[in-house]
Protein chains: 2
Amino acid sequence: MSEVAAQPKSGAADRDPRDMANAIRALAMDAVQRANSGHPGMPMGMADVASVLFRDFIKLDPARPDWPDRDRFVLSNGHGSMLLYALHHLVGYSDMTIEQLQNFRQIGSKTAGHPEYGHALGIETTTGPLGQGITTAVGMALAERMLNARYGDDLVDHYTYVFCGDGCLMEGISHEAIDLAGHLKLSKLIVLFDDNGISIDGKTSLATSTDQVKRFEAAGWHAERVDGHDTNAIRAAIERARKSDKPAMIAAKTIIGYGSPKLAGSEKSHGAPLGPDEIAATREKLVWTAEAFAIPDEIVAGWREVGVKGAAARGEWEKRHAASGRKAEFDAAMEGELGPDFAKTMADYRQRLSEEKPKLATRKSSEATLEIVNAATELTVGGSADLTHSVFTLTKNMHDVQAGHYDGRYIRYGIREHAMAAVMNGLAVHGGFIPYGGTFLVFSDYMRGGMRISALMGVRVIYVLTHDSIGLGEDGPTHQPIEHLTMLRATPGMLVFRPADAIETAEAWEIALTEHRPSVLSLSRQNLPTVRAGDVAENRSRRGGYVLKEANGERQVTILASGSEIEIALAGAEKLAGEGIRAAVVSMPSHELFLEQDESYRRSVLGTAPRIAVEAAGGLSWDRFIGTEGRFVGMRSFGASGPAPKLYEHFGITPDGIVTAAKEIVR
Amino acid sequence: MSEVAAQPKSGAADRDPRDMANAIRALAMDAVQRANSGHPGMPMGMADVASVLFRDFIKLDPARPDWPDRDRFVLSNGHGSMLLYALHHLVGYSDMTIEQLQNFRQIGSKTAGHPEYGHALGIETTTGPLGQGITTAVGMALAERMLNARYGDDLVDHYTYVFCGDGCLMEGISHEAIDLAGHLKLSKLIVLFDDNGISIDGKTSLATSTDQVKRFEAAGWHAERVDGHDTNAIRAAIERARKSDKPAMIAAKTIIGYGSPKLAGSEKSHGAPLGPDEIAATREKLVWTAEAFAIPDEIVAGWREVGVKGAAARGEWEKRHAASGRKAEFDAAMEGELGPDFAKTMADYRQRLSEEKPKLATRKSSEATLEIVNAATELTVGGSADLTHSVFTLTKNMHDVQAGHYDGRYIRYGIREHAMAAVMNGLAVHGGFIPYGGTFLVFSDYMRGGMRISALMGVRVIYVLTHDSIGLGEDGPTHQPIEHLTMLRATPGMLVFRPADAIETAEAWEIALTEHRPSVLSLSRQNLPTVRAGDVAENRSRRGGYVLKEANGERQVTILASGSEIEIALAGAEKLAGEGIRAAVVSMPSHELFLEQDESYRRSVLGTAPRIAVEAAGGLSWDRFIGTEGRFVGMRSFGASGPAPKLYEHFGITPDGIVTAAKEIVR
């Protein structure tokens, strides 16, 4: 291990990045020790790389953390959050005070265990679950190129830098990210890999033998290795990366816990405080004499130059922005504004549907709605994980985003659901776009990790998930979702829509596009009639659930259903009427929105009669509405392979099934 | 496109694999057409490769589909199921009759839309969700090497062959699989990549630019390209692959829908019937004169030679098996028998715990149990996705499985949760092992795809998922599971245990090890007292839920809880008693097992008093027990970063929270 202190030092005007790096190391050691929790090893190992990147390259202005053309910096190995917090403190983000560092990992502090989007200024995305950051960064880098294609270099021209570790690169999602970025030639994406050879269990050689440089090259990247503690070499490598016409990966050979006499190079420095004695020994080794949480003024001054340079760059950008003929348009895009006519466009479309009464699969109704939406706004960016012609996410006015053709609006995500979710997160947090992407509902399994980050961040990402029940038929149980609606409804912050017809589908799209949180549209493969009758001026799906058909007289039973089972529920109510039993049918396209209504509305919809829920899926999420005495008509096992109508019969999800259930509970 | 019929033909004794291949093509076309559903393109494209593999290499005996030393064949691109069914029909599996092919994709047929383990003879694993097959095959190939290390070449010496497509190789899980297999040098794993350049959306060049050969080489594989319709070249490539000391990937350049004049080479042949006219034209082009579903006798005879050779090989193996001094031990291992003393070992251990009353995190109780279990049986194979020292899955008598050291019992899965799940599936379906693997509960998100396959197959795979609530503390919301218990409990066929103390943890392990279905053990990071009192002769967790502490007199409220919240529930009941309210506490370590009890038992446990459920997670899965009038004390949002005790206070999951809830509902 080379000696940090042995490096030649230069004057204050040209601050040695090694001194600057030691400030990060000290703050990381101290904060983790104070919290008695956290990960000092990564910040100490990557401090030199961070110092070079921030000192010599990065473009940001701590006074204006949301400046649209700032460089994006993503800490994909989010457990090293103290690196980010230390950087933010040193460069001078106003909220990242020394007190915040002293309250690392405490409730209410800005310094949460892992970086959380929106939780402190300048945190570009939530990281921690490994591989999410690098993939979200692909989305940011893609957003940059796409916005550049629309608005030109004057308004959009920045880099996306990523720190990642072995964990990120072992996770499968990294393969999806790397392949996609290489294919799209995202040349302004630069990944700095903390190649320290250590993971939690010990040496990475316990579990991997992959040549990462060769791997990235196979995917079309510029890739090279560098000594992660040789600041000149790091600088030269970043310069080459910036010049490359490919995305770039720099494998920086680092020593985890760099500076710690006993723990450097060991997994023991990864995820626990070093301890007071070792911290003292490290201070000595690094020739760092300042006390805990104290940073010498001249070193702070060196770090503050980052913001001085950034502010100057921002000033230049502001001039170009003010002079741009497209200023208003650009600003509206970055704000994500749908425009004043959007609500009327959608209301008119509902009116048209109520007259035409189409009988369509809701996946087709979704396509029809998207034709309206994508003509009304250019914010939307579509895509699919290689199921375009099944999920119907491509509309007439969209063409592909491809390398060198970033003016498209449709992303070929490939058979990469997890990347699709995380890239959409990146497009959303970058700003300028509303991403939506499609696959089958069952494959939400493959992108759970990314979907949860959408929910945690509260970003406007729309998941178009079709083939949403046994109604998909012959593909069988591997493709038939059972537990997925429950899983998604159980996720805090996620809006789940399961529309029953073309009108509810249009309503769901309207809500999803206007809510600043992620939405799932669960859509049928099979055709469904238009069931909404009467006045369509109001978007009734905003209530989450509503009485679609009232009973003829006092209710004896209330049938709750969603999506493709609404048709069956209506037929069941009809049959019950024939037997003299008065049933109401409640359509519940979104449990979440229904639960957000006031209690009197909810009571008026649910009524006081016994209840049945009908959904061709598992029933856990309906128990809260039907109670222990209610009945559920749905799935209690995995599905089967066969034509859809036969499957509905086989599993008893039929009007007769509803009649039988009703008779068990009608008082 | 080259002409199939133009190939030189050899005599019946040396059947031309091209004729044999055309039998597959015809059956695939015909069955998909009859079903009006399915995927003809892949079977037609890979028919030549399949014919060479089966004719010249594969070792199987259709009369004994479960012969332990058979080669394993995995169709990772499971949508091409008609390839597998055609092969099984042609080589003579007794259940795969022509009638079954004629009933492709119908309810009750053996020929489900995608291959389902256990649904027909010889189906080695369930495939369809892309990437699962190749990763499960890594588990099979690893099981082979590990059993070989135990029992030698005489009893265990077979290959694992995989067909996979572009989809499998784009999915992230494939990266995890390839890295792990390369690291472990699984030289008897041979992947035949259907390199047809087509996916559902069109040419794969829409979405990927990766050099797959270079990619596999980067991960330590032997990899090469071959013309997938040149049978001699295919044969030579497979021979080289078998000789390599690395896992091997052969990228077979094929034409999807090979033989179809209009649709070959197009995505249009992927997932829909060719249509009667095109089928007729294809028959003509292939010079295939037999009628639909008819195969000429001499071609059937060629295919049946596969089984003749296989039966001979099996005969030789049977002799070695009969002569082996380790026959009984081997057979017991393949049967997965835990041995006659296992129940007593576990009962004795419960007795010891009831005397010692340890206060341990259940993750530590799990480790202590594993020390007992892993000493009692050699079937168990542990591992972790790089969290060994957090999930405590490594016991004293285990050492690592590494390349060339396959006699170990502990797998370093790396930071690859999804592969861990699928590899465990492969170990389980291969036979000879009971795999368990650990990570944090929140990262079940990353392996949902593989966990669902465990459940679909009903295999004995044990997921050790620790840090199971906000009780993990400072790592914050990215690491704190909220919806995950609901998601897992909603999955059909999955057993979920959330034990409250050391005794319940031991009970959960005992059940998980003896049930032939997958289990999740949800375990705490924080210490928990032993709460079980009285006689421990019975494994009470087998009931799923039981009265842990009865009320002093007629119940006024029943508190249901699990895991780390049992301690809080008991304290809440105590507080209520102090206020004169009689509360019982029910421990419910497994909802699934409780729901399998008869109604009278369930009623006796739940009682008739109002109910409160307490769990530091989302509440959806408890609504079925507490009803609409009950109360839930738990999480209603994502968590936060802070010390665990403060988080419990912050979110109101406390004895006082229970008292408040009880007062709202006590009658």
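Here the structure is a predicted model, which means the values were calculated and not measured. Reminder, nothing fancy here: chain letters follow the sequence lines and each chain counts from 1.
Proximity to chain A (any heavy atom under 4.5 Å) is restricted, for B/Thr127, to the backbone atoms N, CA, C and O. For B/Gln480, the part lying under 4.5 angstrom from a heavy atom of chain A is the backbone only. Neither the backbone nor the side chain of A/Ser390 comes within contact range of chain B; no heavy atoms are under 4.5 Å apart. Residue contact with chain A, scored on non-hydrogen atoms closer than 4.5 Å, is absent for B/Ala640. When heavy atoms are compared at a cutoff of 4.5 Å, A/Leu184 does not approach chain B at all.
For chain B, the option among A/Arg452, A/His389, A/Arg624 with the highest count of heavy-atom pairs below 4.5 Å is A/Arg452. Contact tally against chain A (heavy-atom pairs below 4.5 Å) for B/Ser637, B/Gly449, B/Pro477, B/Gly627: the top residue is B/Pro477. Contact count versus chain B (heavy atoms, under 4.5 Å) is highest, among A/Gly167, A/Gly493, A/Gly182, for A/Gly167. Put simply, of A/Ala617, A/Ser37, A/Gly172, the one with the most heavy-atom pairs under 4.5 Å next to chain B is A/Gly172. Options A/Leu130, A/Thr126, A/Ile173 differ in how many heavy-atom pairs under 4.5 Å they form with chain B, and the most are formed by A/Leu130. When each of A/Gly220, A/Gly128, A/Ser199 is scored by its heavy-atom pairs under 4.5 Å with chain B, the top score falls to A/Ser199. Of the listed residues A/Arg636, A/Met451, A/Gln132, the one with more heavy-atom pairs under 4.5 angstrom with chain B than any other is A/Gln132. Counting heavy-atom pairs closer than 4.5 Å to chain A, the top-ranked of the candidates B/Asp179, B/Leu180, B/Asp475 is B/Asp475.
Taking a cutoff of 4.0 Å between a charged side-chain nitrogen and a carboxylate oxygen, B/Lys214 and A/Glu217 qualify as a salt bridge. Using a cut-off of 4.0 Å between Lys/Arg side-chain N and Asp/Glu carboxylate O, B/Glu116 and B/Lys110 are scored as not salt-bridged.
Taking the six-membered ring where tryptophan is involved, the planes of A/His175 and B/His175 are essentially parallel, since the angle between them stays under 30° and well short of 60°. Aromatic ring pairs are classed by plane angle as parallel below 30°, tilted from 30° to 60° and perpendicular above 60°; the pair A/Phe440 and A/Phe443 is parallel.
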**Request:** Might you work through the side-chain contact (heavy atoms from CB on, under 4.5 Å) test for A/Asp445 and A/Met487, ending with a clear yes or no?
**Result:** CA-CA 9 Å; A/Asp445 282 346; A/Met487 162 178 108; 3.8 Å; yes
**Request:** Output, in order, the C-alpha distance, side-chain angles, deciding distance and verdict of salt bridge (charged side-chain N to carboxylate O under 4.0 Å, His left out) for B/Lys646 and B/Glu474.
**Result:** CA-CA 10 Å; B/Lys646 293 198 175 175; B/Glu474 291 87 348; over 6 Å; no
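With respect to A/Gln402, the side chain to side chain donor-acceptor pair (under 3.5 Å) criterion is satisfied by exactly one of A/Arg412, A/Lys185, A/His183: A/His183.
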